[in-house]
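Both counts, for ligands and for their atoms, begin at 1 and track the order of listing. All values reported here derive from a predicted model rather than from experimental measurement.
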Amino acid sequence: MTITAPFATTTAGQSVQGRVALVTGGTRGIGAAISRSLAGAGATVAAAYAGNARRASDFLDECRTEFGTENERVTAHQSDVSSADECRRLVADVVERHGRIDILVNNAGITIDRTVARMTDDDWQQVLDVNLSGPFYLAQAALGRMVEQGSGRIVMISSVIGETGNIGQANYAATKSGLFGLTKTLAREAAFQLAKSGHQDPYGPGITVNAVTPGFIATDMLEHIPAKVLDRIVGQVPLGRLGRPEEVARLVRFLTDDASAYITGQVWGVNGGLDM
Ligand SMILES: NC(=O)c1ccc[n+]([C@@H]2O[C@H](COP(=O)([O-])OP(=O)(O)OC[C@H]3O[C@@H](n4cnc5c(N)ncnc54)[C@H](OP(=O)(O)O)[C@@H]3O)[C@@H](O)[C@H]2O)c1
């Protein structure tokens, strides 16, 4: 075993240039900011959405204005990630359209809030299907291709609620902490499979899997929270305000960079200090 390593000229300062990224829930809210940030850094982005075709079309128009119409820098893909078959089809569509998949950002998520006493079987199952099973099926479909390519990045958008729990969010909190175990297991399996595949460059980008836990971020998801409750929440945030989608996207962009090759299996907070 040698302890000397080559000076990091191969990865330092590199980016997501030329990479193909799939961002679920990628046409609005935090996902749209992630799609924009990756496209702005030179990646090709497949932004997936569930049913809001109007928003997806507006988002594509905004991206054409921002990034130009050449090379299809951003494409939109309709898919319901609560279905295992649709997850597999979505990954296959991205590969067919763009030739590969380098980055998967599991961002799509829903809330159906009710206390445990009132939660129906359906409330429980729907949130599990979208927030936890979807990321599993998508990662399963993408990982094999990343191993063949010899590199890849998977980022799970979890939540601070996965760390703290929250009244009325048993289903949501369970899915968001479930993503921690999924992230760490995938990180280990990805490293193991890549080493076994013979496609590994020990100082290359490799395959990493990380989770990000946003705090309270100003998107449509917070719309149903009464103003009074929101004020109380903001009062508990040491930085004294809601986060912006771009502030989460900044971290995702960092984690997906080729140079972030030695960061895997970790949970990263973006919450204004809420969980200190
Ligand atoms: N906002 C926050 O304060 C906050 C805090 C912590 C964590 N998060 C997490 O961050 C992620 C993004 O949140 P956000 O606030 O940006 O949410 P949002 O504005 O409500 O957007 C949710 C996105 O998920 C997509 N989606 C919903 N159900 C889907 C399904 N069955 N299949 C495929 N896509 C589906 C939606 O597609 P359509 O556009 O087609 O409806 C939409 O693009 C979520 O995982 C959320 O749990 C958010």
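What sits closest to atom 12 (C) of ligand 1 on the protein, heavy atoms only, is Asn107 OD1, 3.2 Å. Ranking protein heavy atoms by distance to atom 22 (C) of ligand 1, first place goes to Gly109 O, 3.8 Å. Protein heavy atom closest to atom 43 (O) of ligand 1, with residue, atom name and distance, is Gly25 CA, 3.2 Å. Counting only heavy atoms of the protein, atom 15 (O) of ligand 1 lies nearest to Thr219 OG1, 2.4 Å. Of the protein's non-hydrogen atoms, Ile30 N, 2.8 Å is the one closest to atom 16 (O) of ligand 1.
Put simply, part of Ile157 is less than 4.0 Å from ligand 1, judged by heavy atoms. Residue Ala48 places no heavy atom under 4.0 Å from ligand 1. At least one heavy atom of Ser158 sits closer than 4.0 Å to an atom of ligand 1.
Residue Val81 touches ligand 1 through backbone and side chain together, judged by heavy-atom distances below 4.0 Å. Under 4.0 angstrom from ligand 1, the non-hydrogen atoms of Lys176 all belong to its side chain. Counting heavy atoms under 4.0 Å from ligand 1, residue Val130 touches it through the side chain alone. Of the heavy atoms in Val160, none comes closer than 4.0 Å to ligand 1.
Atoms of ligand 1 lying under 4.0 Å from at least one heavy atom of Leu222, given by number and element, are 3 (O). Close approach of ligand 1 to Ile217 is summarised as follows: ligand atoms under 4.0 Å from at least one heavy atom of the residue are 1 (N), 2 (C), 3 (O). Of all atoms in ligand 1, listed by their number and element, those nearer than 4.0 Å to a heavy atom of Ile110 are 27 (C), 28 (N). Taking every non-hydrogen atom of Asp80 and a distance limit under 4.0 Å, the qualifying atoms of ligand 1 come out as 30 (C), 31 (N), 32 (N). If you number the atoms of ligand 1 from 1 as listed, the ones under 4.0 Å from a heavy atom of Phe216 come out as 3 (O). Contact atoms of ligand 1 toward Gly51: 40 (O) (distance under 4.0 Å to a heavy atom of the residue). Residue Ser79 approaches ligand 1 through these ligand atoms, each under 4.0 Å from one of its heavy atoms: 32 (N), 33 (C). Interface of Tyr172 with ligand 1, defined as ligand atoms under 4.0 Å from a residue heavy atom, comprises 6 (C), 7 (C), 8 (N), 9 (C), 46 (C), 47 (O).
Put simply, the side chain of Thr185 never gets that close to the backbone of Leu182: no donor and acceptor are under 3.5 Å apart. Counting only distance, with no hydrogens or angles, the side chain of Thr264 and the backbone of Val209 share a donor-acceptor pair below 3.5 Å. Checked by atom type and distance alone, the side chain of Arg153 pairs as donor or acceptor with a backbone atom of Asp258 at under 3.5 Å.
Minimum heavy-atom separation, Ala261 to Pro205: CB-O, 3.5 Å.
Evaluated by nearest non-hydrogen atom to atom 5 (C) of ligand 1, the leading choice among Gly215, Ala108, Gly243, Gly29 is Gly215. Closest heavy-atom approach to atom 29 (C) of ligand 1 within the set Ala50, Pro245, Ala218, Pro135: this belongs to Ala50. Considering Met221, Arg28, His77 only, the shortest heavy-atom separation from atom 38 (P) of ligand 1 involves Arg28.
With 3.5 Å as the limit, one finds no donor-acceptor pair spanning the side chains of Gln125 and Asp121. For the residue pair Ser151 and His199, no side-chain donor N or O sits within less than 3.5 Å of a side-chain acceptor on the partner.
Tested against Leu222, the residues Leu230, Ile217, Val229 include a single side chain to side chain contact (heavy atoms under 4.5 Å, CB included) partner, Leu230.
Between Arg97 and Glu72 there is a salt bridge, since at least one side-chain N of the basic residue sits less than 4.0 Å from a carboxylate O of the acidic one. With respect to Asp257 and Arg253, a salt bridge is recorded, a charged nitrogen being found less than 4.0 Å from a carboxylate O. Using a 4.0 Å cut-off between a side-chain N of Lys or Arg and a carboxylate O of Asp or Glu, Glu62 and Arg36 qualify as a salt bridge. Arg118 and Asp123 are not joined by a salt bridge, as no carboxylate oxygen comes within less than 4.0 angstrom of a charged side-chain nitrogen.
Side-chain atoms of Arg145 and Val95, non-hydrogen and from C-beta on, do get closer than 4.5 Å to each other. In this structure, Thr111 and Gln169 have side chains that are in contact, with non-hydrogen atoms separated by less than 4.5 Å.
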Begin from the C-alpha positions of Thr120 and Asp122 and carry the test side-chain hydrogen bond (donor to acceptor under 3.5 Å, both in side chains) through to its verdict. CA-CA 5 Å; Thr120 67; Asp122 215 39; 5.6 Å; no
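Looking at Asn52 next to ligand 1, an N or O pair under 3.5 Å apart turns up.
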